[in-house]
Amino acid sequence: MNERYDIIVAGAGMAGLPAAAMAAKSGAKVLLLDRNNKENVGRKTNWGWICGDAVATSHLDFIKSNLGISFSYPELEQQVDGVYAISPDFKSKILFDDGNGYVLNRPIFEGKMLEHALKQGVEYMPNFEVERPIIEDNYVVGIAGKDEKKEHREFRAKVVIDALGISTTLRRALPKNDYVERMVDIDDLELTGRFLYEFDIDHEDPLLYNPKYALIHINQVIAPGGYGWVFPKKGNRANIGIGVQKRSLEIRNAKMNRKDTLQSLMKEYATSIPVFKNMRLYNEGPNGGEGYWSVAVRHQMEALTFNGYIGAGDSMVMPNPISAGGIGPALTAGVLAGIDAAEAVANGDVSIKGLWKYNLDFNEHYGKKSASLEVFRVYLQSLNNDIINYGMRVFLTAKEAQQLSYGLVPELSLASKFKTILQGASNINAFRNLLYVVKKMKEINQLYEKYPKSPEEFPEWKSRILNEVKEFKERFKPNPV
C-alpha cells in the first residue's frame with residue numbers, strides 16, 4: 001500500500017464512507033482508515049452501533065444523486081411516515097416531521113456503503129487506530145497511528161478528512177487557531193443510551209408505540225434536558241432510548257432527592273412502556289442490544305476547515321441540536337467533504353482558503369439552520385413539564401411547531417395568542433420568553449445567511465455568533481423540575 005495519497009479519510013462511519021467514495025469518484029487517490037474490521041465497519045464502540053438509527057428520505061436521495069447508490073430492505077429496515085413529539089402529560093402530540101424516513105439496520109447499511117466505496121477505488125485499511133495528525137508548517141499533512149499488528153505507521157496526504165466522531169483525536173490536536181474549535185462544552189453534549197428490543201404487543205396505544213411513526217417523548221423528569229424515543233423496526237422490534245443533559249440530570253436529582261443515572265433512567269423508561277410485554281434484547285451485530293454514547297447538540301463548529309484539514313459528521317458536532325439526529329447531516333457533510341477536498345487537490349490549493357468552499361456548501365445544504373435550532377434547544381431545557389404541557393397545548397400550532405423543528409422562524413405574536421394565553425395567565429412569562437427565542441432564532445438565521453465568503457471575513461463573524469450564543473445561554477438556564 002502506498003504511503004502517500006491525495007486524501008486520507010479517518011473513520012469509516014456515516015460521514016467517512018460517503019466522503020471517501022465521493023473523493024475517489026471525483027478522481028482523487030483515497031485511503032480510508034478504520035479502527036474496526038471490515039465485518040464491523042461503522043461500529044462506534046464495543047457496545048456496537050449506538051444510535052437512534054433514523055434518517056429522512058431526503059438525505060438518502062442526496063446520497064443517491066451524488067454517489068449513485070440506492071438503498072432498500074434490509075438496510076432500510078422500517079419506513080416511517082413522520083415523527084411525533086408527545087407532551088409529558090400525553091394530551092398533546094405534534095407532527096414535527098411529516099416526511100417519509102427510515103429506521104436503519106446500521107451494520108448492513110454501512111457495510112453496503114463500504115462496498116460502494118471500494119468499487120470507486122478507495123484503498124481501505126481496517127484495524128487501524130488513528131493517534132494524531134501529522135503537522136508541518138501549520139498544515140495537516142498526514143496521520144500517525146498503529147496498524148492491526150500494533151506497529152507505528154504514518155500516511156501522508158494533501159488533505160485529511162476527519163470523520164472520527166465526537167471523541168476525535170484529530171480536531172483536538174490541531175494547532176491553536178482562530179477557525180476550528182478544538183473542544184466541546186459538556187453542557188452541549190447529550191448522554192444517550194438505547195436498547196434494541198423485541199416484544200409482544202399487550203395492547204395498542206399510538207402515543208406509546210406506533211409502527212408507522214417515530215415517537216419522541218418529551219419529559220423533563222424521565223429524560224431531563226433531552227427526551228425519550230421509540231422508533232419502530234421490522235416486526236415487533238424497536239429502538240428505544242433516552243438522551244439527557246448532564247447538568248439537567250444533576251439539577252433534577254438534587255431537587256427530587258434522587259441518584260438516578262443515564263443507565264437507571266433508560267432502563268426505567270424502556271421497561272415501563274405498558275404496550276409491550278415479554279421484552280427481550282436482541283443483537284444487531286456484536287453486543288448490539290444495549291449501548292451508550294455522547295452526542296453533541298449545539299450548532300456545528302463555526303468553521304469546518306484548516307490547512308490540509310476538513311471535518312465532517314460528529315467530529316464537527318453536526319447532529320441536529322433538537323433531535324440529536326446525526327445520520328442525515330453526516331451523510332450530507334461526507335458527500336460535500338469528498339467533493340470539495342478533491343476539488344482543492346485538483347486546484348493545487350489545500351490551504352484553509354482553498355478548502356473554504358466546504359464551509360459555504362455545508363452551510364447552504366444543512367448548517368445554516370443549526371444555530372437557530374440550538375437556541376430553541378436551550379429554551380426547551382429551561383422549561384419544566386407543566387410549562388411544556390401548556391405550551392404544546394396553547395402556544396404553538398402544529399404548523400408553527402414544525403417550522404421550529406426545521407430551524408425556520410414562525411410569525412408568533414403576543415396579540416394573535418392573547419385570548420388563549422389569558423386562560424393560563426401564570427404562563428404569560430413563558431410565552432414572552434418564547435417570543436424572545438423566536439426573535440433570537442431569526443437574528444441568528446440572518447447571520448448564517450451571511451456566512452463569510454473567505455477566511456479573512458471569518459473572525460468578526462465568529463465573534464458575533466459566539467456573543468449571540470452566550471447571551472441566550474445566560475438567559476435560559478437548565479430548570480427541568
Side-chain angles (χ1 to χ4, degrees), residues 52-54 56 78-101 103 190 192-195 197 199 201-233 237-245 248-249 252 265-276 279 295 297 320-325 373 376-377 379-406 410 424 427 430 434 480-481:
D53 295 337
Q78 178 68 24
Q79 183 173 343
V80 293
D81 294 334
V83 181
Y84 273 114
I86 314 297
S87 65
D89 61 6
F90 290 92
K91 293 181 179 179
S92 301
K93 68 175 182 177
I94 293 175
L95 187 61
F96 268 109
D97 186 348
D98 60 358
N100 289 336
V103 179
E190 289 278 325
T192 64
R194 71 97 175 92
F195 289 136
Y197 273 121
F199 44 78
I201 299 293
D202 182 83
H203 63 278
E204 293 186 1
D205 186 337
L207 296 180
L208 293 172
Y209 169 70
N210 191 323
K212 293 185 178 180
Y213 286 89
L215 302 183
I216 288 176
H217 294 126
I218 303 172
N219 191 309
Q220 291 278 52
V221 173
I222 294 174
Y227 63 85
W229 71 82
V230 180
F231 294 169
K233 293 174 79 72
R237 292 182 171 186
N239 181 313
I240 302 173
I242 66 170
V244 304
Q245 183 197 46
S248 292
L249 176 58
R252 175 256 194 205
L265 288 173
M266 178 176 153
K267 290 176 181 177
E268 180 181 348
Y269 168 69
T271 58
S272 63
I273 300 174
V275 299
F276 301 141
M279 298 178 71
V295 180
V297 285
N320 184 304
I322 293 180
S323 70
L373 288 173
F376 195 63
R377 186 265 298 177
Y379 170 67
L380 284 177
Q381 288 175 329
S382 74
L383 306 178
N384 61 40
N385 282 350
D386 288 340
I387 295 176
I388 293 172
N389 286 330
Y390 187 82
M392 289 182 69
R393 188 171 71 252
V394 175
F395 289 171
L396 296 176
T397 65
K399 180 180 179 180
E400 290 165 344
Q402 189 174 77
Q403 288 174 320
L404 287 168
S405 74
Y406 290 147
N427 290 303
L434 178 58
V481 294

- Heavy-atom pair with the smallest gap, counting every atom of F195 and A270: CD1-CB, 3.6 Å
- Query: Closest heavy-atom contact between K233 and V103?
  - Reply: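 Smallest interatomic distance, heavy atoms only, reads CG-CG1, 3.6 Å.
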Mind checking whether [X] and [Y] have side chains closer than 4.5 Å, heavy atoms only?
X	Y	answer
N100	V80	no
L215	L207	no
F376	L434	yes

- Message: My understanding is that only residues two or more places apart in sequence, or in another chain, count here; which of them pass salt bridge (charged side-chain N to carboxylate O under 4.0 Å, His left out) with K93?
- Response: none
- side-chain contact (heavy atoms from CB on, under 4.5 Å) between V230 and Y269, worked out: CA-CA 10 Å; V230 180; Y269 168 69; 3.5 Å; yes
- Walk me through it: do N219 and N385 pass the test side chain to side chain donor-acceptor pair (under 3.5 Å)? CA-CA 6 Å; N219 191 309; N385 282 350; 3.0 Å; yes
I need the [X] [atom1] to [Y] [atom2] distance, nearest 0.5 Å.
X	Y	atom1	atom2	answer
S323	L373	OG	CG	8.0 Å
I273	L208	CD1	CG	6.5 Å
N389	S92	CG	OG	7.0 Å
L383	I388	CG	CD1	5.5 Å
N239	R237	CG	CZ	12.5 Å
T271	M279	OG1	CE	7.0 Å

- Task: Only counting residues at least two apart or in another chain, list the ones meeting ring-ring contact (aromatic ring centres under 6.0 Å, His included) with Y209.
- Result: F199, F276
- When the ring planes of F90 and H217 are compared, do they come out parallel, tilted or perpendicular, using 30° and 60° as the limits? tilted
- Message: If you apply the rule side-chain contact (heavy atoms from CB on, under 4.5 Å), what do you find for R194 with W229, and how did you get there?
- Response: CA-CA 9 Å; R194 71 97 175 92; W229 71 82; 3.7 Å; yes
- Item | Given V297, V244, V295, the one that forms side-chain contact (heavy atoms from CB on, under 4.5 Å) with T192 |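 In the set V297, V244, V295, the residue that makes a side-chain contact (heavy atoms from CB on, under 4.5 Å) with T192 is V295.
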- Q79 side chain to G101 main-chain N or O, any donor-acceptor pair under 3.5 Å?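 No.
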- Does any N or O in the side chain of Q220 come within less than 3.5 Å of the main-chain N or O of N384, such that one atom is a donor and the other an acceptor?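 It does not hold such a pair.
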- What's the verdict on side-chain contact (heavy atoms from CB on, under 4.5 Å) for L265 and R252, showing C-alpha distance, side-chain angles and the deciding distance? CA-CA 12 Å; L265 288 173; R252 175 256 194 205; 3.4 Å; yes
